[in-house]
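Contents: one structure, followed by commentary.
Since the model is a prediction, treat every value here as computed from it, not as a measurement. Chain naming here is simple, since letters A, B, ... match the order of the sequence lines and numbering starts at 1 in each. Heavy-atom basis, side chains included; hydrogens, waters and symmetry copies ignored.
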Amino acid sequence: MTEKPLQTRDPLEETSAFQRALIDWFEADGRDYPWRRTTDPYAILVSELMLQQTRIETVLERRYFERWLERFPDIATLAEASETELLKQWEGLGYYNRARNLQKAARVVIDDHGGVFPDSLEKVHDLPGVGRYTAGAVLSFAYDRPAPLVDGNVARVFSRLFDHRSAIETTASQKQLWAWADDLLPEKGAREYNSALMELGQRHCTRAAPDCLACPVSAFCATRDPEALPRKKPPRETVHVVEHALFAISGGRILLEQESGSRRRGLWRLPLLAEKNAVGLPVLLRTKYAITHHRVDLIVHGATIQEGQVVEPTLLNDHPPRKWVDLESEYPEIAMPSPFRKAVDQVIENENNQIDFKLRP
DNA sequence: AAACCGTGGTA
DNA sequence: TTACCAAGGTT
(Lines give C-alpha, C1' and ligand atoms only; values in the text may rest on other atoms or scores of the structure.)
Protein backbone atom coordinates (compact mmCIF):
# COMPACT_ATOMS: atom_id res chain seq x y z
CA MET A 1 0.00 0.00 0.00
CA THR A 2 2.88 2.35 0.65
CA GLU A 3 4.12 2.93 -2.85
CA LYS A 4 4.88 6.37 -1.54
CA PRO A 5 8.29 7.65 -2.62
CA LEU A 6 10.69 8.46 0.19
CA GLN A 7 11.49 12.03 1.08
CA THR A 8 14.70 13.31 -0.48
CA ARG A 9 14.25 17.06 -0.13
CA ASP A 10 13.24 19.49 2.62
CA PRO A 11 10.66 22.03 1.46
CA LEU A 12 11.85 24.58 4.02
CA GLU A 13 15.44 24.26 2.76
CA GLU A 14 14.52 24.24 -0.92
CA THR A 15 11.52 26.50 -0.91
CA SER A 16 11.97 27.73 -4.48
CA ALA A 17 12.22 24.20 -5.84
CA PHE A 18 9.11 23.21 -3.91
CA GLN A 19 7.19 26.19 -5.30
CA ARG A 20 8.49 25.47 -8.80
CA ALA A 21 7.41 21.84 -8.72
CA LEU A 22 3.96 22.76 -7.50
CA ILE A 23 3.45 25.57 -9.99
CA ASP A 24 4.79 23.58 -12.94
CA TRP A 25 2.28 20.86 -12.18
CA PHE A 26 -0.51 23.39 -11.84
CA GLU A 27 0.33 25.21 -15.06
CA ALA A 28 0.26 21.93 -16.93
CA ASP A 29 -2.68 20.30 -15.21
CA GLY A 30 -4.57 22.90 -13.16
CA ARG A 31 -8.31 23.06 -13.56
CA ASP A 32 -10.39 25.79 -15.05
CA TYR A 33 -13.01 27.08 -12.63
CA PRO A 34 -15.31 30.04 -13.25
CA TRP A 35 -13.78 31.94 -10.32
CA ARG A 36 -10.32 31.47 -11.81
CA ARG A 37 -11.42 33.46 -14.84
CA THR A 38 -11.84 36.66 -12.88
CA THR A 39 -9.78 38.91 -10.64
CA ASP A 40 -12.79 40.94 -9.49
CA PRO A 41 -12.44 40.88 -5.68
CA TYR A 42 -16.22 40.88 -5.28
CA ALA A 43 -16.60 37.83 -7.51
CA ILE A 44 -13.72 36.13 -5.72
CA LEU A 45 -15.38 36.86 -2.37
CA VAL A 46 -18.65 35.39 -3.64
CA SER A 47 -16.90 32.21 -4.71
CA GLU A 48 -14.99 31.88 -1.44
CA LEU A 49 -18.10 32.30 0.69
CA MET A 50 -19.93 29.74 -1.44
CA LEU A 51 -17.07 27.29 -1.19
CA GLN A 52 -16.71 27.44 2.59
CA GLN A 53 -17.32 23.88 3.78
CA THR A 54 -18.94 23.18 0.45
CA ARG A 55 -17.85 20.91 -2.36
CA ILE A 56 -16.74 22.49 -5.60
CA GLU A 57 -19.06 20.15 -7.51
CA THR A 58 -22.07 21.46 -5.61
CA VAL A 59 -21.32 25.06 -6.54
CA LEU A 60 -20.47 24.12 -10.13
CA GLU A 61 -23.31 21.77 -10.97
CA ARG A 62 -26.09 24.06 -9.90
CA ARG A 63 -24.31 27.18 -11.22
CA TYR A 64 -24.63 29.02 -7.89
CA PHE A 65 -21.65 31.23 -8.68
CA GLU A 66 -22.80 32.22 -12.15
CA ARG A 67 -26.41 32.71 -11.11
CA TRP A 68 -25.42 34.88 -8.16
CA LEU A 69 -23.34 37.16 -10.35
CA GLU A 70 -26.08 37.36 -12.94
CA ARG A 71 -28.54 38.50 -10.30
CA PHE A 72 -26.09 40.54 -8.19
CA PRO A 73 -23.40 41.58 -10.69
CA ASP A 74 -21.79 44.14 -8.41
CA ILE A 75 -21.54 45.26 -4.81
CA ALA A 76 -24.11 48.03 -5.17
CA THR A 77 -26.73 45.63 -6.54
CA LEU A 78 -26.10 43.15 -3.75
CA ALA A 79 -26.26 45.82 -1.07
CA GLU A 80 -29.79 46.75 -2.12
CA ALA A 81 -31.19 43.24 -2.54
CA SER A 82 -33.95 41.89 -0.30
CA GLU A 83 -33.16 39.18 2.21
CA THR A 84 -35.73 36.94 0.55
CA GLU A 85 -33.89 37.14 -2.74
CA LEU A 86 -30.52 36.58 -1.10
CA LEU A 87 -31.70 33.44 0.59
CA LYS A 88 -33.50 32.23 -2.52
CA GLN A 89 -30.30 32.47 -4.53
CA TRP A 90 -28.50 30.61 -1.76
CA GLU A 91 -31.18 27.95 -1.31
CA GLY A 92 -29.68 24.47 -1.19
CA LEU A 93 -26.15 25.61 -0.36
CA GLY A 94 -26.66 25.59 3.40
CA TYR A 95 -25.00 27.77 6.04
CA TYR A 96 -27.34 30.58 5.08
CA ASN A 97 -25.57 33.16 7.22
CA ARG A 98 -22.96 33.19 4.48
CA ALA A 99 -25.45 34.87 2.15
CA ARG A 100 -26.37 37.45 4.75
CA ASN A 101 -22.70 38.07 5.50
CA LEU A 102 -22.03 38.60 1.82
CA GLN A 103 -24.57 41.38 1.75
CA LYS A 104 -23.28 42.83 5.02
CA ALA A 105 -19.81 42.85 3.49
CA ALA A 106 -21.14 44.65 0.42
CA ARG A 107 -22.69 47.29 2.65
CA VAL A 108 -19.46 47.71 4.61
CA VAL A 109 -17.56 48.25 1.37
CA ILE A 110 -20.04 50.92 0.32
CA ASP A 111 -20.44 52.60 3.70
CA ASP A 112 -16.88 52.38 5.03
CA HIS A 113 -14.71 52.13 1.90
CA GLY A 114 -16.55 54.40 -0.52
CA GLY A 115 -17.65 51.49 -2.67
CA VAL A 116 -14.08 50.46 -3.43
CA PHE A 117 -13.19 46.91 -2.43
CA PRO A 118 -10.35 47.05 0.13
CA ASP A 119 -7.01 45.51 -0.82
CA SER A 120 -5.38 45.15 2.58
CA LEU A 121 -5.45 41.85 4.48
CA GLU A 122 -6.66 43.56 7.63
CA LYS A 123 -9.57 45.37 6.01
CA VAL A 124 -10.70 42.33 4.06
CA HIS A 125 -10.45 40.23 7.21
CA ASP A 126 -12.72 42.74 8.94
CA LEU A 127 -15.55 42.09 6.47
CA PRO A 128 -18.44 39.99 7.83
CA GLY A 129 -18.05 36.29 7.07
CA VAL A 130 -14.39 36.69 6.19
CA GLY A 131 -11.95 34.86 8.41
CA ARG A 132 -8.25 34.29 8.11
CA TYR A 133 -8.52 31.80 5.28
CA THR A 134 -10.97 33.81 3.16
CA ALA A 135 -8.97 37.01 3.64
CA GLY A 136 -5.86 35.25 2.34
CA ALA A 137 -7.84 33.82 -0.56
CA VAL A 138 -9.20 37.21 -1.62
CA LEU A 139 -5.82 38.91 -1.33
CA SER A 140 -4.00 36.26 -3.33
CA PHE A 141 -6.66 35.31 -5.89
CA ALA A 142 -7.95 38.79 -6.63
CA TYR A 143 -4.83 40.89 -6.19
CA ASP A 144 -2.08 38.26 -6.53
CA ARG A 145 -0.69 39.53 -3.24
CA PRO A 146 1.55 37.27 -1.13
CA ALA A 147 -1.01 36.32 1.51
CA PRO A 148 -0.79 32.84 3.05
CA LEU A 149 -3.86 30.68 3.45
CA VAL A 150 -4.74 27.46 5.21
CA ASP A 151 -7.94 25.63 4.42
CA GLY A 152 -8.82 21.98 4.86
CA ASN A 153 -6.82 21.02 1.79
CA VAL A 154 -3.72 22.91 2.83
CA ALA A 155 -3.91 21.57 6.39
CA ARG A 156 -4.02 18.04 5.02
CA VAL A 157 -1.14 18.64 2.61
CA PHE A 158 1.04 20.22 5.29
CA SER A 159 0.27 17.61 7.91
CA ARG A 160 1.62 15.00 5.50
CA LEU A 161 4.41 17.11 4.06
CA PHE A 162 5.82 17.73 7.55
CA ASP A 163 4.50 14.55 9.11
CA HIS A 164 2.59 16.62 11.64
CA ARG A 165 0.88 14.19 14.01
CA SER A 166 -1.01 16.46 16.38
CA ALA A 167 -4.70 17.11 15.90
CA ILE A 168 -4.91 19.94 13.39
CA GLU A 169 -7.69 21.80 15.24
CA THR A 170 -5.56 22.69 18.25
CA THR A 171 -4.27 26.21 18.66
CA ALA A 172 -0.68 25.03 18.48
CA SER A 173 -1.29 23.10 15.27
CA GLN A 174 -3.07 26.02 13.66
CA LYS A 175 -0.17 28.28 14.53
CA GLN A 176 2.26 25.81 13.00
CA LEU A 177 0.19 25.31 9.84
CA TRP A 178 -0.06 29.04 9.24
CA ALA A 179 3.64 29.44 9.87
CA TRP A 180 4.40 26.81 7.23
CA ALA A 181 1.97 28.49 4.83
CA ASP A 182 3.89 31.72 5.34
CA ASP A 183 7.30 30.04 5.08
CA LEU A 184 6.53 28.36 1.76
CA LEU A 185 4.67 31.23 0.15
CA PRO A 186 6.46 32.85 -2.81
CA GLU A 187 6.71 36.64 -2.87
CA LYS A 188 5.50 36.69 -6.44
CA GLY A 189 2.80 34.56 -8.00
CA ALA A 190 0.83 33.86 -4.84
CA ARG A 191 -2.38 33.50 -6.85
CA GLU A 192 -1.03 30.59 -8.82
CA TYR A 193 0.86 29.08 -5.88
CA ASN A 194 -2.11 29.12 -3.50
CA SER A 195 -4.38 27.75 -6.21
CA ALA A 196 -1.89 24.96 -6.85
CA LEU A 197 -1.49 24.12 -3.16
CA MET A 198 -5.22 23.82 -2.64
CA GLU A 199 -5.79 21.89 -5.83
CA LEU A 200 -3.04 19.46 -4.88
CA GLY A 201 -4.99 18.66 -1.74
CA GLN A 202 -8.20 18.41 -3.66
CA ARG A 203 -6.93 16.09 -6.38
CA HIS A 204 -3.88 14.13 -5.27
CA CYS A 205 -3.35 14.61 -1.55
CA THR A 206 -6.88 13.46 -0.82
CA ARG A 207 -8.16 12.28 2.52
CA ALA A 208 -8.97 8.66 1.84
CA ALA A 209 -6.80 7.72 -1.12
CA PRO A 210 -3.74 9.92 -1.53
CA ASP A 211 -2.17 9.43 -4.95
CA CYS A 212 1.45 9.91 -3.95
CA LEU A 213 2.79 8.48 -7.19
CA ALA A 214 1.22 11.31 -9.15
CA CYS A 215 2.12 13.97 -6.60
CA PRO A 216 4.42 16.70 -7.96
CA VAL A 217 5.97 17.30 -4.52
CA SER A 218 6.28 13.75 -3.21
CA ALA A 219 10.04 14.16 -2.96
CA PHE A 220 9.44 16.88 -0.36
CA CYS A 221 6.96 14.88 1.70
CA ALA A 222 8.03 13.54 5.08
CA THR A 223 5.23 11.23 6.10
CA ARG A 224 5.37 7.52 5.49
CA ASP A 225 1.77 6.99 6.37
CA PRO A 226 -0.24 9.65 4.55
CA GLU A 227 -3.56 7.92 5.10
CA ALA A 228 -3.20 8.34 8.86
CA LEU A 229 -2.94 12.11 8.50
CA PRO A 230 -4.18 14.62 9.29
CA ARG A 231 -5.22 13.65 12.78
CA LYS A 232 -8.39 15.25 14.02
CA LYS A 233 -10.27 15.45 17.25
CA PRO A 234 -13.18 13.03 17.40
CA PRO A 235 -16.37 14.56 15.99
CA ARG A 236 -19.35 15.27 18.18
CA GLU A 237 -21.54 12.31 18.83
CA THR A 238 -24.57 12.10 16.57
CA VAL A 239 -27.81 13.06 18.26
CA HIS A 240 -31.01 11.49 17.01
CA VAL A 241 -34.18 13.57 17.10
CA VAL A 242 -37.74 13.25 15.90
CA GLU A 243 -39.52 16.23 14.37
CA HIS A 244 -43.27 16.35 13.87
CA ALA A 245 -44.31 18.80 11.17
CA LEU A 246 -47.73 20.04 10.16
CA PHE A 247 -48.83 20.00 6.55
CA ALA A 248 -51.90 22.19 6.25
CA ILE A 249 -53.18 23.17 2.86
CA SER A 250 -56.24 25.12 1.80
CA GLY A 251 -57.26 26.94 -1.32
CA GLY A 252 -53.93 26.36 -2.98
CA ARG A 253 -52.02 27.71 0.00
CA ILE A 254 -49.88 25.93 2.56
CA LEU A 255 -49.10 27.00 6.10
CA LEU A 256 -45.44 27.75 6.74
CA GLU A 257 -43.50 29.28 9.60
CA GLN A 258 -40.22 31.11 9.84
CA GLU A 259 -37.13 29.48 11.21
CA SER A 260 -36.10 30.95 14.53
CA GLY A 261 -32.63 31.89 15.63
CA SER A 262 -30.24 34.38 14.11
CA ARG A 263 -28.59 31.91 11.77
CA ARG A 264 -31.74 30.65 10.12
CA ARG A 265 -33.96 33.69 10.19
CA GLY A 266 -35.69 34.30 6.90
CA LEU A 267 -36.01 30.65 5.97
CA TRP A 268 -39.44 29.07 5.88
CA ARG A 269 -40.42 25.54 6.79
CA LEU A 270 -43.44 23.51 7.80
CA PRO A 271 -44.72 24.38 11.29
CA LEU A 272 -43.37 22.00 13.93
CA LEU A 273 -45.63 20.24 16.39
CA ALA A 274 -44.99 19.07 19.89
CA GLU A 275 -45.05 15.28 19.87
CA LYS A 276 -48.19 15.11 22.02
CA ASN A 277 -50.02 17.34 19.56
CA ALA A 278 -49.16 15.11 16.65
CA VAL A 279 -50.87 12.09 18.14
CA GLY A 280 -53.81 11.00 16.05
CA LEU A 281 -52.98 13.14 13.04
CA PRO A 282 -52.57 11.23 9.79
CA VAL A 283 -48.98 10.68 8.69
CA LEU A 284 -48.34 11.92 5.16
CA LEU A 285 -44.60 11.35 4.99
CA ARG A 286 -41.70 9.94 6.93
CA THR A 287 -38.23 10.98 5.93
CA LYS A 288 -34.77 11.57 7.38
CA TYR A 289 -32.26 14.35 7.11
CA ALA A 290 -28.99 15.32 8.74
CA ILE A 291 -28.20 18.74 10.15
CA THR A 292 -24.75 19.29 11.67
CA HIS A 293 -24.38 16.48 14.21
CA HIS A 294 -28.12 15.81 14.39
CA ARG A 295 -29.88 12.97 12.70
CA VAL A 296 -33.55 13.89 12.27
CA ASP A 297 -36.54 11.68 11.63
CA LEU A 298 -39.05 14.02 10.06
CA ILE A 299 -42.69 13.01 10.29
CA VAL A 300 -45.12 15.13 8.31
CA HIS A 301 -48.70 15.14 9.57
CA GLY A 302 -51.78 16.28 7.71
CA ALA A 303 -54.54 18.31 9.26
CA THR A 304 -57.75 19.87 8.08
CA ILE A 305 -57.21 23.51 8.77
CA GLN A 306 -59.00 26.06 6.69
CA GLU A 307 -57.27 29.19 5.59
CA GLY A 308 -58.04 32.02 7.94
CA GLN A 309 -58.88 29.62 10.71
CA VAL A 310 -56.73 30.14 13.76
CA VAL A 311 -54.44 27.22 14.43
CA GLU A 312 -55.02 26.01 17.96
CA PRO A 313 -52.26 27.52 20.09
CA THR A 314 -51.81 24.24 21.90
CA LEU A 315 -51.20 22.53 18.59
CA LEU A 316 -47.91 24.24 18.06
CA ASN A 317 -44.66 24.13 19.96
CA ASP A 318 -44.26 27.85 20.06
CA HIS A 319 -45.31 30.69 17.86
CA PRO A 320 -42.74 31.85 15.36
CA PRO A 321 -44.16 33.98 12.54
CA ARG A 322 -46.26 31.90 10.19
CA LYS A 323 -48.29 32.56 7.10
CA TRP A 324 -50.29 30.95 4.33
CA VAL A 325 -48.20 30.71 1.19
CA ASP A 326 -49.69 30.47 -2.27
CA LEU A 327 -48.28 27.46 -4.07
CA GLU A 328 -48.30 29.06 -7.50
CA SER A 329 -46.97 32.53 -6.82
CA GLU A 330 -45.20 32.68 -3.46
CA TYR A 331 -43.95 29.17 -2.77
CA PRO A 332 -41.36 29.21 -5.58
CA GLU A 333 -40.01 32.58 -4.45
CA ILE A 334 -39.32 31.91 -0.80
CA ALA A 335 -36.29 30.07 0.58
CA MET A 336 -36.67 26.81 2.47
CA PRO A 337 -34.13 24.42 3.97
CA SER A 338 -33.66 21.54 1.54
CA PRO A 339 -35.25 18.83 3.71
CA PHE A 340 -38.48 20.81 4.01
CA ARG A 341 -38.52 21.83 0.36
CA LYS A 342 -38.22 18.19 -0.57
CA ALA A 343 -40.79 17.04 1.97
CA VAL A 344 -43.40 19.55 0.83
CA ASP A 345 -42.81 18.76 -2.84
CA GLN A 346 -43.08 15.07 -2.11
CA VAL A 347 -46.38 15.39 -0.25
CA ILE A 348 -47.84 17.58 -2.97
CA GLU A 349 -46.77 15.19 -5.68
CA ASN A 350 -48.20 12.25 -3.86
CA GLU A 351 -51.72 12.25 -5.20
CA ASN A 352 -52.43 8.80 -3.94
CA ASN A 353 -52.26 9.65 -0.29
CA GLN A 354 -55.19 8.35 1.68
CA ILE A 355 -55.81 11.37 3.81
CA ASP A 356 -58.79 13.32 4.88
CA PHE A 357 -58.07 16.62 3.24
CA LYS A 358 -57.99 17.76 -0.33
CA LEU A 359 -55.04 19.42 -1.96
CA ARG A 360 -57.15 21.85 -3.91
CA PRO A 361 -60.54 22.20 -2.24
C1' DA B 1 -12.21 25.80 23.70
C1' DA B 2 -16.36 24.31 22.18
C1' DA B 3 -20.84 24.73 20.15
C1' DC B 4 -23.29 26.04 16.29
C1' DC B 5 -24.55 26.33 11.46
C1' DG B 6 -26.55 22.72 5.77
C1' DT B 7 -26.02 19.86 2.30
C1' DG B 8 -25.08 16.02 -0.82
C1' DG B 9 -21.67 12.61 -2.22
C1' DT B 10 -19.34 8.59 -0.95
C1' DA B 11 -17.58 4.31 1.18
C1' DT C 1 -27.87 1.97 5.78
C1' DT C 2 -25.20 5.07 8.53
C1' DA C 3 -21.17 7.94 9.26
C1' DC C 4 -17.96 10.97 7.61
C1' DC C 5 -16.80 15.25 5.77
C1' DA C 6 -15.80 19.36 2.17
C1' DA C 7 -12.25 26.18 -0.60
C1' DG C 8 -14.73 28.05 7.60
C1' DG C 9 -16.60 31.68 10.44
C1' DT C 10 -19.00 33.41 14.45
C1' DT C 11 -20.35 33.34 19.10
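Minimum interatomic distance between A:Arg191 and A:Phe141 (heavy atoms only, all atoms of both residues): NE-O, 2.8 Å.
Between A:Phe18 and A:Phe220, the ring planes are perpendicular. Angles over 60° get that label, and only those under 30° would be called parallel. Using bins of under 30°, 30° to 60° and over 60° for the plane-to-plane angle, the ring pair A:Trp35/A:Tyr33 lands in the parallel bin.
The side chain of A:Asn97 contributes no N or O atom lying less than 4.0 Å from OP1 or OP2 of B:dC5. For B:dT7, one of the phosphate oxygens OP1 or OP2 lies less than 4.0 angstrom from a side-chain nitrogen or oxygen of A:Ser338. Dashed line: the shortest gap from a side-chain N or O of A:Ser47 to OP1 or OP2 of C:dA7 is not under 4.0 Å. Residue A:Arg62 has a polar side-chain atom (N or O) positioned under 4.0 Å from OP1 or OP2 of B:dG8. Dashed line: the shortest gap from a side-chain N or O of A:Tyr95 to OP1 or OP2 of C:dA6 is not under 4.0 Å. Side-chain nitrogen and oxygen atoms of A:Arg295 include none within less than 4.0 Å of the OP1 or OP2 phosphate oxygen of C:dA3. Listed pair A:Lys342 / B:dG8 meets the phosphate criterion, a side-chain N or O lying under 4.0 Å from OP1 or OP2.
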TODO: Dump the intermediate steps for side chain to side chain donor-acceptor pair (under 3.5 Å) on A:Arg98 and A:Thr54, then the final yes or no.
DONE: CA-CA 12 Å; A:Arg98 296 182 294 174; A:Thr54 307; 3.0 Å; yes
TODO: With side-chain contact (heavy atoms from CB on, under 4.5 Å) as the test, would you mind laying out the steps for A:Leu93 and A:Thr58 before giving the verdict?
DONE: CA-CA 8 Å; A:Leu93 268 180; A:Thr58 302; 4.2 Å; yes
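Nucleic acid contact for A:Val130: sugar-phosphate only, since backbone atoms but no base atoms lie under 4.0 Å from a heavy atom of the residue. Contacts of A:Ile56 with the nucleic acid, taken as non-hydrogen atoms under 4.0 Å apart, include base atoms. Residue-level contact check: A:Gly201 touches neither bases nor backbone, having no heavy atom under 4.0 Å from any strand. A:Tyr33 comes within 4.0 angstrom of a nucleotide base, judged by non-hydrogen atoms across all strands.
Closest-nucleotide positions on DNA chain B for A:Glu61 and A:His293 were compared, and the one nearer the 5' end corresponds to A:His293. Positionally, the nearest nucleotide of DNA chain B for A:Thr54 lies more toward the 5' end than for the other of A:Arg207 and A:Thr54. Each of A:Pro235 and A:Arg98 lies near DNA chain C, and the nucleotide nearest A:Pro235 is the one positioned closer to the 5' end. Comparing A:Thr238 and A:Gln53 by the nucleotide of DNA chain C that holds the closest heavy atom to each, the one mapping nearer the 5' end is A:Thr238.
For the C1' atom pair drawn from B:dG6 and C:dC4, the interatomic distance equals 15 Å after rounding to whole Å.
For A:Thr134 against C:dG9, a side-chain-to-base donor-acceptor contact under 3.5 Å is absent.
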